[in-house]
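Working notes, structure below.
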Amino acid sequence: MDLDFWIERWDNGRIGFHQDTLNPYLAYFYGEKGTDLAQRDKLKVFVPLSGKSKDMLWLSQNGYRVFAVECSKRAVVDFFEENSLNYKHVEKDQRALYQSNDLDTPIEIYQGDFFAVEKKDLAGVTDIFDRASLIALPEGMRKRYVAKMADLQDAGIRTLLVTLTYDTAEMNGPPFSLSEKAVYDLYSEHFSIEKLCIKDVLSEEKGLRSRGLTALTETVYKLVRR
Ligand SMILES: C[S@@+](CC[C@H](N)C(=O)[O-])C[C@H]1O[C@@H](n2cnc3c(N)ncnc32)[C@H](O)[C@@H]1O
């Protein structure tokens, strides 16, 4: 599954994964349970494989700084335009960076390949929000993604990881099913792992039901880089 696959999906509007509403786990763990509003400007959240997720807007409007990476130019431009944000496009280190001009919404999106992100790009990052990012990738790419994530992070960086689990005989990804065992196998070498919650989401996921799923759970983990 290469970048062209995703770029073509964006160009053809096949973006069923996009949610127009705020992710409820983000709202809970970074809103209600999050750091005091006054302290949040010290926190910077990295959103890998971001799409045009509304979560970035919410984070920036709720005191956090945001750095994201997304391969599709369409997704990045749509994010700024659909949210009526003024932005500029700059070339930095031969990369396409899109930055909000508004100090109230401190968002920077690197339009390019996640695997080309360098550790210096994550300077100041304290937190990572991974919703539909790891699970967008097929099993064969997971180890590379997690190894890259481990390389990019200093000790102490926290990740909120949202996964889906279903019977792979019923449906092919994306999104790809990830078992709890797979999460521990992938992350335990470099990360501490805490399972925060698990929820039956079959009734909420009409699109995935129509693809044949008869059972579907969502699990949320907190990872901390050791
Ligand atoms: C399933 S979508 C999830 C988007 C977002 N996390 C959300 O919650 O809506 C996966 C996104 O990753 C992007 N993507 C896939 N592979 C990528 C890569 N190697 N580098 C950067 N972006 C990538 C795709 O264009 C797509 O927007």
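Both counts, for ligands and for their atoms, begin at 1 and track the order of listing. It should be emphasised that the depicted structure is a prediction, and the values quoted were computed from it without experimental measurement.
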For this session: Check H89 against A96 and note the closest heavy-atom contact, atom names and distance.
Result: NE2-CB, 3.7 Å

For this session: Pick, from D130, L49, V76, L3, the option with the minimum heavy-atom distance to atom 12 (O) of ligand 1.
Result: L49

Numbering as shown, the atoms of ligand 1 that approach [X] to under 4.0 Å (heavy-atom distance):
{"X": "G112", "answer": "20 (N), 21 (C)"}
{"X": "F17", "answer": "1 (C), 2 (S), 3 (C)"}
{"X": "E70", "answer": "11 (C), 12 (O), 13 (C), 21 (C), 22 (N), 24 (C), 25 (O), 26 (C), 27 (O)"}
{"X": "S133", "answer": "6 (N)"}

Any nitrogen or oxygen of [X], main chain or side chain, under 3.5 Å from a nitrogen or oxygen of ligand 1?
{"X": "D55", "answer": "no"}
{"X": "R131", "answer": "yes"}
{"X": "L137", "answer": "no"}
{"X": "A136", "answer": "no"}
{"X": "H18", "answer": "no"}

For this session: Just let me know how A75 lines up against ligand 1, side chain, backbone, both or neither, with a heavy-atom cut-off below 4.0 Å.
Result: neither

Tell me the protein heavy atom at minimum distance from [atom], and give that distance in Å.
{"atom": "atom 1 (C) of ligand 1", "answer": "A132 O, 3.3 Å"}
{"atom": "atom 20 (N) of ligand 1", "answer": "F114 N, 2.8 Å"}
{"atom": "atom 19 (N) of ligand 1", "answer": "D113 OD1, 2.9 Å"}
{"atom": "atom 16 (N) of ligand 1", "answer": "W6 CD1, 3.7 Å"}
{"atom": "atom 22 (N) of ligand 1", "answer": "C71 N, 3.1 Å"}

Exercise. Quick one: do the Y221 and E180 side chains pair a donor with an acceptor below 3.5 Å?
Worked result: no

Problem set entry | Any donor-acceptor N or O pair under 3.5 Å, side chains Y145, D130 | yes

Could you check if a side-chain atom of [X] sits within less than 4.5 angstrom of a side-chain atom of [Y], using non-hydrogen atoms only?
{"X": "V45", "Y": "D55", "answer": "no"}
{"X": "L160", "Y": "D127", "answer": "no"}
{"X": "R131", "Y": "Y25", "answer": "no"}
{"X": "Y98", "Y": "K73", "answer": "yes"}
{"X": "L216", "Y": "E170", "answer": "no"}

Problem set entry | Contacts of type ring pair (Phe, Tyr, Trp, His ring centres under 6.0 Å), residue Y187, not counting sequence neighbours | F191

Exercise. Say you draw a straight line from OG1 of T21 to NE2 of H18; how long is it, rounded to the nearest 0.5 Å?
Worked result: 8.5 Å

For this session: Answer yes or no for P175: is there a heavy-atom contact with ligand 1 below 4.0 Å?
Result: no

Exercise. Below 4.0 Å from any atom of ligand 1, is there a heavy atom belonging to P174?
Worked result: no

Problem set entry | Flag, side chain of E70 to backbone of Q111, donor-acceptor distance under 3.5 Å | no

